[in-house]
**Q** 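Could you have a look at this structure, given as structure tokens, before my questions?
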Amino acid sequence: MKKFLSMFPVMVALLVLALGGLGLYIGLLARPVSYGMPYTYSQTLEGTGYEEVDGQTQNVTINFESDEKAVLKMEMNGEVSEITYWTVRNGNKVWFVADTTSLTDEQFKEAIKEIKADANEWDAIWSEDSSDIQIFHVNAFEISSNLYPDTFKCTGAIVFAAVWGAIEVALIVFAALSLTFYLKGKKQESKPAETEQQ
């Protein structure tokens, strides 16, 4: 194993993989939204006033297709409802503007353009004092809102972070070992050459 790791091509390959993997890992963890990966939460409904609903588990999923569209899916008792929303992202906040059946693509873009034209109105939407219930805080791992008690978790991103983190640690360890063995080998090669010159 030591001989294999001390080979120059192996050392270079491991360093490239470790550094490239680390860059990818940091980029994916720091991204503001996990596109195409569902954010989910489940709750057992109690105190709704409806006997047929109380005690049932409701599963809710949000899946961001892009910065402009997100699909909200609710499942309970085998029944599924799905709504696609127009969304706007500003940093780590997402505004669920309206469902896509109420606005065409052109109407949505025009409405956002008009709101952005008024800086005060635009800033008010994103301020911490905003009472708009459709504003959510989002990152690669979860979505939350001050107005909702539940946090949507992105299990896919969490699993990815754990698995890729373990792989990345292994890559870094092997790259470090390979570099160490390669440099020691070079040092030992140069010693006999120095001895012969003396």
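This chain uses plain numbering: 1 for the first residue, then up along the sequence.
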**Q** If you look at every heavy atom in A70 and T87, which pair is closest and at what distance?
**A**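 Heavy-atom minimum between the residues: CB-CG2, 3.8 Å.
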**Q** Out of curiosity, N59 CG to M74 CE, how far, rounded to the nearest 0.5 Å?
**A**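 Rounded to the nearest 0.5 Å, the CG-CE separation comes to 11.5 Å.
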**Q** Please report the closest heavy-atom contact between Y39 and E142, naming both atoms and the distance.
**A**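 So the two residues come closest at CE2-N, 3.6 Å.
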**Q** Answer yes or no: is there a side-chain heavy-atom contact under 4.5 Å between F108 and V97?
**A**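 With C-beta onward as the side chain, the pair touches.
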**Q** Do you know the tightest heavy-atom contact between E168 and L17?
**A**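 What the structure gives for the nearest pair is OE1-O, 4.4 Å.
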**Q** Run through V60, T61, V71 and flag the one making a side chain to side chain contact (heavy atoms under 4.5 Å, CB included) with P38.
**A**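 Per the side chain to side chain contact (heavy atoms under 4.5 Å, CB included) rule, the option paired with P38 is T61, out of V60, T61, V71.
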**Q** Give the C-alpha distance, both sets of side-chain angles, the deciding distance and a yes or no for side-chain contact (heavy atoms from CB on, under 4.5 Å) between Y41 and T151.
**A** CA-CA 7 Å; Y41 90 87; T151 299; over 6 Å; no
**Q** Mind telling me whether F96 and F136 have parallel, tilted or perpendicular rings, with 30° and 60° as the class edges?
**A**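 If you compare the ring of F136 with that of F96, the planes turn out perpendicular.
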**Q** Mark yes or no for whether Q107, through its side chain, and T104, through its backbone, hold a donor-acceptor pair below 3.5 Å.
**A**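 Yes, because the side chain of Q107 sits within donor-acceptor range (under 3.5 Å) of the backbone of T104.
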**Q** Hydrophobic clustering (ILVMFWY, side-chain heavy atoms < 4.5 Å, transitive) - are V163 and L171 grouped together?
**A**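 Same cluster: L171 reaches V163 through Ile, Leu, Val, Met, Phe, Trp or Tyr contacts under 4.5 Å.
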**Q** Hey, quick one: are V159 and F141 part of the same hydrophobic cluster, counting side-chain heavy atoms closer than 4.5 Å, chains of contacts allowed?
**A**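 Yes, because V159 and F141 connect within a single hydrophobic cluster, where side-chain heavy atoms sit under 4.5 Å apart.
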**Q** When hydrophobic residues are tied together by side-chain contacts of less than 4.5 Å, even through go-betweens, does V94 share a cluster with I83?
**A**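 Yes: a chain of side-chain contacts under 4.5 Å links V94 to I83.
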**Q** Is there a donor-acceptor pair closer than 3.5 Å between any side-chain N or O of S34 and the backbone N or O of A140?
**A**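 Confirmed, S34 side chain pairs with A140 backbone.
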**Q** Can you check whether Y85 reaches L72 side chain to side chain, under 4.5 Å on heavy atoms?
**A**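 Counting from C-beta outward, Y85 and L72 do come under 4.5 Å.
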**Q** Which heavy atom of Y182 sits nearest to which heavy atom of M7, and what is that distance?
**A**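 Nearest pair, atom of Y182 first, then M7: CD1-C, 4.5 Å.
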**Q** Any side-chain heavy-atom pair from I167 and Y25 closer than 4.5 angstrom?
**A**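 The answer is no; the side chains never approach within 4.5 Å.
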**Q** Where the side chain of S102 meets the backbone of A98, is there a donor-acceptor pair that is under 3.5 Å apart?
**A**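 Side chain of S102 to backbone of A98, a donor-acceptor pair under 3.5 Å: no, none is there.
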**Q** Taking it one step at a time, do E114 and E121 satisfy side-chain contact (heavy atoms from CB on, under 4.5 Å)?
**A** CA-CA 10 Å; E114 286 177 22; E121 186 179 359; over 6 Å; no
**Q** If you count heavy atoms of other groups shown closer than 6.0 angstrom to CZ of F174, is the number above 12?
**A**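 Counting neighbours around CZ of F174, 12 or fewer heavy atoms of other residues, nucleotides or ligands fall under 6.0 Å, so no.
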**Q** Atom SG of C154 and atom CZ of F64: how far apart are they, to the nearest 0.5 Å?
**A**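 Separation between the atoms: 10.0 Å.
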**Q** Verify, without hydrogens or angle tests, whether K93 (side chain) and W126 (backbone) share a donor-acceptor contact under 3.5 angstrom.
**A**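 Flag set: sc K93 to bb W126 pair under 3.5 Å.
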**Q** Does F181 share a hydrophobic cluster with F4, counting links as ILVMFWY side-chain heavy atoms below 4.5 Å and allowing steps through other members?
**A**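 The answer is yes; both residues are in one hydrophobic cluster.
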**Q** Got a second to check how far L24's CG is from L29's CG, nearest 0.5 Å?
**A**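 Result: 9.0 Å between the selected atoms.
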**Q** Is it possible for you to say whether L22 and V169 belong to one hydrophobic cluster, with membership spreading through side-chain heavy-atom contacts below 4.5 Å?
**A**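 No, separate clusters.
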**Q** So which heavy atom on G156 is nearest to which on M37, and how close?
**A**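 In terms of heavy atoms, the two residues are closest at C-CE, 3.1 Å.
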**Q** Working to the nearest 0.5 angstrom, can you tell me the gap between E106 CD and K113 NZ?
**A**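 Separation between the atoms: 12.5 Å.
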**Q** For W86 and K69, run side-chain contact (heavy atoms from CB on, under 4.5 Å): C-alpha distance rounded to whole Å, both residues' side-chain angles, the deciding distance at 0.1 Å, then the answer.
**A** CA-CA 5 Å; W86 292 115; K69 275 190 182 177; 3.5 Å; yes
**Q** Drop me the distance from I112's CD1 to K116's NZ, to the nearest 0.5 angstrom.
**A**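 Here the interatomic distance stands at 7.5 Å.
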**Q** If we ignore hydrogens and angles and just use 3.5 Å, is the side chain of D99 paired with the main-chain N or O of T101 as donor and acceptor?
**A**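 At least one qualifying donor-acceptor pair exists.
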**Q** Please find the pair of heavy atoms, one from K3 and one from S6, that lie closest to each other, and give the distance.
**A**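 Looks like O-OG, 2.8 Å.
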**Q** Tell me whether the count of non-hydrogen atoms from other residues, nucleotides or ligands lying under 6.0 Å of OH in Y35 goes above 12.
**A**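 Yes, enclosed.
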**Q** Only one of L14, L15, V173 clears side chain to side chain contact (heavy atoms under 4.5 Å, CB included) with S178; which?
**A**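 Going through L14, L15, V173 one by one, the side chain to side chain contact (heavy atoms under 4.5 Å, CB included) with S178 is satisfied by L14 alone.
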**Q** Rounded to the nearest 0.5 Å, how far apart are CG of N92 and CD1 of I143?
**A**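 CD1 of I143 is found 12.0 Å from CG of N92.
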